[in-house]
Participant: 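Structure provided below as structure tokens; questions to follow.
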There are 4 protein chains.
Amino acid sequence: MASVNKVILIGHLGKDPEVRHLEGGTTVANFTMATNEYYKDKQGTRVERTEWHNIAAWRGLAELAEKYLHKGQQVYVEGRIRTRQYQDKDNQTRYVTEIVAEEISLLGSRPGTGAATQPTTAAVAEEQVTFRQEPELDQLPF
Amino acid sequence: MASVNKVILIGHLGKDPEVRHLEGGTTVANFTMATNEYYKDKQGTRVERTEWHNIAAWRGLAELAEKYLHKGQQVYVEGRIRTRQYQDKDNQTRYVTEIVAEEISLLGSRPGTGAATQPTTAAVAEEQVTFRQEPELDQLPF
Amino acid sequence: MASVNKVILIGHLGKDPEVRHLEGGTTVANFTMATNEYYKDKQGTRVERTEWHNIAAWRGLAELAEKYLHKGQQVYVEGRIRTRQYQDKDNQTRYVTEIVAEEISLLGSRPGTGAATQPTTAAVAEEQVTFRQEPELDQLPF
Amino acid sequence: MASVNKVILIGHLGKDPEVRHLEGGTTVANFTMATNEYYKDKQGTRVERTEWHNIAAWRGLAELAEKYLHKGQQVYVEGRIRTRQYQDKDNQTRYVTEIVAEEISLLGSRPGTGAATQPTTAAVAEEQVTFRQEPELDQLPF
DNA sequence: TTTT
DNA sequence: TTTT
């Protein structure tokens, strides 16, 4: 049956991407990204809540993430939700949910003006500030 | 800083919603929803992978979910990702990620034809097949 | 500069797709799709408003649209907005806005049960109820 | 029938919002917003295409748009597509498609660094960089 | 751990 | 012109 599993996030990276090269030559980059919500508690005080998202970028996107993304940067990430199982050290089943990135765009960067805050992106050709994962590769079992 | 945390899912309910009435009168409905992806493995065989999403609907949406949603039904859910911490029985910190629903629409329902599979929706007034959570309430700390 | 232009529609086809084969061998399918909104007017009467969207599917998506889509069918369409200029018969500049489809999913179809209402899709292999346009081709100047 | 009509745009304003106060006291703000796509033409040359979107913000959103948005600013806009008919001076029916904004977020603003390009936002309270239209009002026939 |  |  047809289904849709789509996530759209805009937020800031909590740290530089961590890049690993798996056996077989596949590259994967992981980073965290914060989004914030605001609400009023029962006393009417404004409260901020930060949500941390685990992002996984594969193959071509991983290499671009390694090259152009860094801590503090504002990005747009489009992807899908994936929950993985693993066994912890006590052999118990644990779950971790992450967002598999399908598209990443750098926000707030203005070649020529934003240089101070985003030095490494200043040299990125304009068309490269949006990166997209090829669907075929994206469908592989990660 | 402005940020966006948006999820769009189309899939089928894995079970009827479970509804709880919290102290203070707040209602919450929980259900699971499946999305599927297909890919070819290294041998070129088609493989299906099912992703299960935990959905939480609050207040008005919870009551509508209780009334109109049931196992097997195809729905559109729009919401945001939320990861909650809790202590397990061994006093270890665990995490569970869920989608807080902001809008739910019934799909594929055809009163008069689909009656066999979706009996309870047949009587739903047309405009009610889309439910939306009021933003103010939606911002409360759940 | 990075930008995002994304449209997500769920609605019913107003007519069968019209398919044209352009010089050069490119195929394009056009169809219309309705979405509805409900509101209360000043007298408190419920009013329905229908919005008609012009959808354009290119190349591989066009061929799949021709094969599997038909009037009345409920679909999910993801794509981008494009406004084209043309000269009318009085040589005046006119504008038409359409959605260039990037992904189309058939909704409400249940191979084996929904046969009566959606005969032509009953035979579609499950994984094919979602169609995606290859990005490279999708970027060509249509 | 349930349907979905959703648009997500990230781009820059082409001009300051134009604000009108209608008879009856309703406020509406209109502005244009650019998104860009890049593709290679038949000769393999990189080509940029700019898409201009007409945005309409109503009531509370209009007032916030008037206050905080200005030419050149990068914004996130979520809304729905609406095509309006009107009669031109030759009494011919014309169509114009616009995006009715439901949520607007300011992107790339960094009070203290981006001041030169975004002076008026520096004083915006943090939680206000995202604006949302109340759904009830949003459902009125504009 | 981000950002404002 | 769809759907309910």
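What's counted below: heavy atoms across the whole structure, side chains too, no hydrogens, waters or symmetry copies. Every chain is numbered from 1 and lettered A, B, ... according to where its sequence line falls, protein lines coming before strand lines.
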Participant: Under a 3.5 Å threshold, yes or no: a donor from one side chain and an acceptor from the other, between A:Ser105 and A:Thr130?
Facilitator: yes
Participant: Go through the structure and list residues passing salt bridge (Lys or Arg N to Asp or Glu O under 4.0 Å) with C:Lys71, not counting sequence neighbours.
Facilitator: none
Participant: Let me know the distance between CD of A:Gln74 and C1' of E:dT3, rounded to the nearest Å.
Facilitator: 8 Å
Participant: From CG of D:Leu106 over to C1' of E:dT4, roughly how many Å is that when rounded to an integer?
Facilitator: 11 Å
Participant: If we require ring centres under 5.5 Å and near-parallel planes under 30°, does A:Trp52 stack on E:dT2?
Facilitator: no
Participant: Separation of B:Tyr95 atom OH from E:dT1 atom P, in whole Å?
Facilitator: 12 Å
Participant: For the residue pair B:Tyr76 / B:Glu78, report whether a side-chain donor-acceptor contact shorter than 3.5 Å exists.
Facilitator: yes
Participant: Kindly write out the residues that satisfy side-chain contact (heavy atoms from CB on, under 4.5 Å) with C:Thr32, not counting sequence neighbours, or none if the list is empty.
Facilitator: C:Lys15, C:Trp52, C:Asn54
Participant: Could you tell me how far apart C:Tyr38 (OH) and F:dT2 (P) are, to the nearest whole angstrom?
Facilitator: 14 Å
Participant: For the side chain of A:His12, starting at C-beta, report the closest nucleotide among E:dT3, F:dT3, E:dT1.
Facilitator: E:dT3
Participant: Quickly work out the C:Glu48 CD to F:dT1 C1' distance and round it to whole Å.
Facilitator: 13 Å
Participant: Measure CD1/C:Ile55 against C1'/F:dT1 and give the value in whole Å, please.
Facilitator: 13 Å
Participant: Please pick, from E:dT4, E:dT2, F:dT2, the nucleotide with the shortest atom-to-atom distance to any side-chain atom of C:Thr50.
Facilitator: F:dT2
Participant: Rounding to an integer number of Å, can you tell me how far A:Asp16 CG sits from E:dT1 P?
Facilitator: 15 Å
Participant: Looking at E:dT2, E:dT1, F:dT4, which one has an atom nearest to any side-chain atom of A:Ala34?
Facilitator: E:dT2
Participant: Please report the distance, rounded to the nearest Å, between CG in C:Leu107 and P in F:dT4.
Facilitator: 13 Å
Participant: So if I take every side-chain heavy atom of C:Thr32 and compare against E:dT1, F:dT3, F:dT1, which nucleotide ends up nearest?
Facilitator: F:dT1
